Amino acid sequence: MVLEMLRAEHVTHIFGNPGTSEMPLLDALEAYHDIDYVLALHEGVAVGMADGYARASGRPSFVSLHIDTGLANGISLLADAADGGTPIVLSSANKDIRKLCEGRTDLPQMVSQFTKWSAEATHPEQIPGLMRRAFKEAKTAPTGPTYIGFAANALNEEASVEIIPSSPAFDRIAPDEQALERAAALLSTAVSPVILVGDRVGQSGACVEVVRVAELLGADVYATCLGRVNFPTGHPLFKGALGQLFPATRRMLSEADIVLAVGTNVFSGFFYFSGRALEGSTKLIHIDSAAQEVAKSESTEIGIVADPKTALAQLAARLTNALTPAQHKRAGSRLRSAREQRGARETSQHVPYDASQPMPARLMMRELARALPRGAMLVDDAISSSKDLHEAFEFGDPDGYQGRGGAAIGWGMGAALGIKLAKPEQVVVAVVGDGSAMMTIQALCTAAMARIAVVYVVCNNRSYRVLKQNMRVYKREILHVDRFDSRFIGMDLPPQCDIAAVARAMGVFAVTIRDAAALGPTLEMAISRNEAVLLDVVIDGSI
């Protein structure tokens, strides 16, 4: 029943790490040659592969983990998938329901905080219906992971059932017309508008529409997350990632008279700061397919629950009519100014480099940008070097970029494999921080065994550099001290850890790179090998 439902849902890959509880599934799988089992040697790798595959294919992926112990190992990246809205159907088998005296784990409850919906089949008759709902919930906006457990007796017993797949998700909800009219009227008066874009913009395919709105308003655009291409990063109005809501960020936002947030949580971050994020007279308009996020924590002038693509297209049409000639002129002036400022930045960029020292991350990313072939997919798990990556690259094509959807590390190693399996003809290059790489380094075994041609480029600064950065933030913003000295306990990786040697031990061709001039040619060589390759790039880890 499980495999027939997967076939009905057009699932061709099971990403997993099996245990004894999965024996019924693996036994039955021998007769299903159209479904490949992709073995991961760590559950985080399996969930990461499923995440990448679902993003690249545009349809839900399926993961099979082992009872509670294996499921627990996958929760870290399940949390990332939940934050990023990736449509994954996660599963694991459980003990027989008759083993109540011995004890059995409530698996749906175990993952409930990180799934849209979770349930367990305790009888075979329940399997098709529960799987149908799991797939339906996963792919319906706002998309996200779901979970279904299988009791041992449900897998081993027999029943007469119908195999019916989930129905298509027709979920492009149109905005309320009155709310949209109010939003257009308010935005037309904006003197210093700002637009915030999140991953649900990219998920709905709304890049063209949000660019149109931004240009009509002459609004600066900030990304609240960089999991997808939510706005062309080379556009002059794009100002980069917003970052956490530190006092400086709040001051910047307070200079806007109107903030339009689209397809994003408003606001999220680790550190707590009292008061409202949008202070003073700044007004917030929020458009999102996730109803639970609209007006959740911030005072919201106009909240619109709708598909971002549909809402933005209609908003652009209304703005075209609502803007007076004088307002059109002011917006055009802001757009021209942004173009001039971007041109000045591009001509002034220079990266100083002492060849006797580890190369700066900025230089590493510049060399990668020069060498990456047109049409390639770049997978961004660079962590503390992601800012440098985004300054070096320009991303406008949704098929050219995927980034982390949450805060867990270890995503990129598996995600790159899943993306390559979904897009076998596309060159896939994953830029991964060394801490993240070591968290799920077992992905290299899967790459070698399954012959998945991904090029990994490791940013090796020999530390959890992002934690060092956050230690400084903690001291400055929370403790309010100007003293930045720290021993950085638990934030350095052992210098003798040879990541290239680890890759070779797992059957992957690997090279260590210390010279920036060698990076481009080595990347070209790695791509030409058409196999899994790891480039261990030694970079400066100072902060």
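Sequential numbering from 1 along the given sequence is applied to the chain's residues. This structure is a prediction, so every number in the text was calculated from the model and none was measured.
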Expected list for residues 171-180: side-chain donor-acceptor pairs under 3.5 angstrom, two or more places apart:
from, atom 1, to, atom 2, distance (Å)
Asp171, OD2, Ala141, N, 2.6
Arg172, NH1, Ser204, O, 3.2
Arg172, NH1, Asp307, OD1, 3.1
Arg172, NH1, Asp307, OD2, 2.8
Arg172, NH2, Ser204, O, 3.1
Asp176, OD2, Gln178, N, 3.1
Asp176, OD2, Ala179, N, 2.9

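- Rounding to the nearest 0.5 angstrom, the gap separating the OG atom in Ser118 from the CD atom in Gln109 is 7.5 Å.
- Side chains of Ser92 and Tyr147: a donor-acceptor N/O pair is present below 3.5 angstrom, by distance only.
- Counting only heavy atoms from C-beta outward, the side chains of Ser91 and Phe62 approach each other to under 4.5 Å.
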**Study point:** His10 and Phe135: CA distance, side-chain angles, deciding distance, ring pair (Phe, Tyr, Trp, His ring centres under 6.0 Å) verdict
**Key:** CA-CA 11 Å; His10 305 290; Phe135 276 89; over 10 Å; no

Can you give each donor-acceptor pair under 3.5 Å made by side-chain atoms of residues 208-217, sequence neighbours left out, with the distance rounded to 0.1 Å?
from, atom 1, to, atom 2, distance (Å)
Glu209, OE1, Lys309, NZ, 3.4
Glu209, OE2, Lys309, NZ, 2.9
Glu215, OE2, His235, NE2, 2.8

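- Among residues two or more places apart in sequence or in another chain, the side-chain hydrogen bond (donor to acceptor under 3.5 Å, both in side chains) test is passed with Asn321 by none.
- Asn461 places no side-chain N or O within 3.5 Å of a backbone atom of Ile539 that could act as its donor or acceptor partner.
- Ring centroid separation for the pair His390 and Tyr401 comes in under the 6.0 Å cut-off.
- Screening Asp199, Asp51, Asp381 for a salt bridge (charged side-chain N to carboxylate O under 4.0 Å, His left out) with Arg404, the sole residue that qualifies is Asp381.
- Every ring pair (Phe, Tyr, Trp, His ring centres under 6.0 Å) that Phe393 has, sequence neighbours left out, goes to Phe395.
- Heavy-atom minimum distance, Gly74 versus Val47: O-CG2, 3.9 Å.
- The two atoms that bring His42 and Gly44 nearest to each other are ND1-N, 2.8 Å, heavy atoms only.
- Arg334 places a side-chain N or O within 3.5 Å of a backbone atom of Val191 that can act as its donor or acceptor partner.
- For Asp388 against Ala361, the heavy-atom pair with the smallest separation is OD2-CB, 3.5 Å.
- Remark: Tyr53 engages His13, Phe15 in a ring pair (Phe, Tyr, Trp, His ring centres under 6.0 Å) (not counting sequence neighbours).
- Ser167 and Lys136 share no donor-acceptor pair across their side chains, judged by distance under 3.5 Å alone.
- In this structure, Lys468 satisfies the cation-pi test against Phe488, with its NZ or CZ atom closer than 6.0 Å to the six-membered ring centre and inside 45 degrees of the ring normal.
- Partners of Ser61 according to the side-chain hydrogen bond (donor to acceptor under 3.5 Å, both in side chains) rule, which considers only residues two or more places apart in sequence or in another chain, do not exist here.
- In this structure, the side chain of Gln327 engages the main chain of Thr324 through a donor-acceptor pair within 3.5 Å.
- Within a 6.0 Å radius of NZ in Lys116, other residues, nucleotides and ligands contribute more than 12 heavy atoms.
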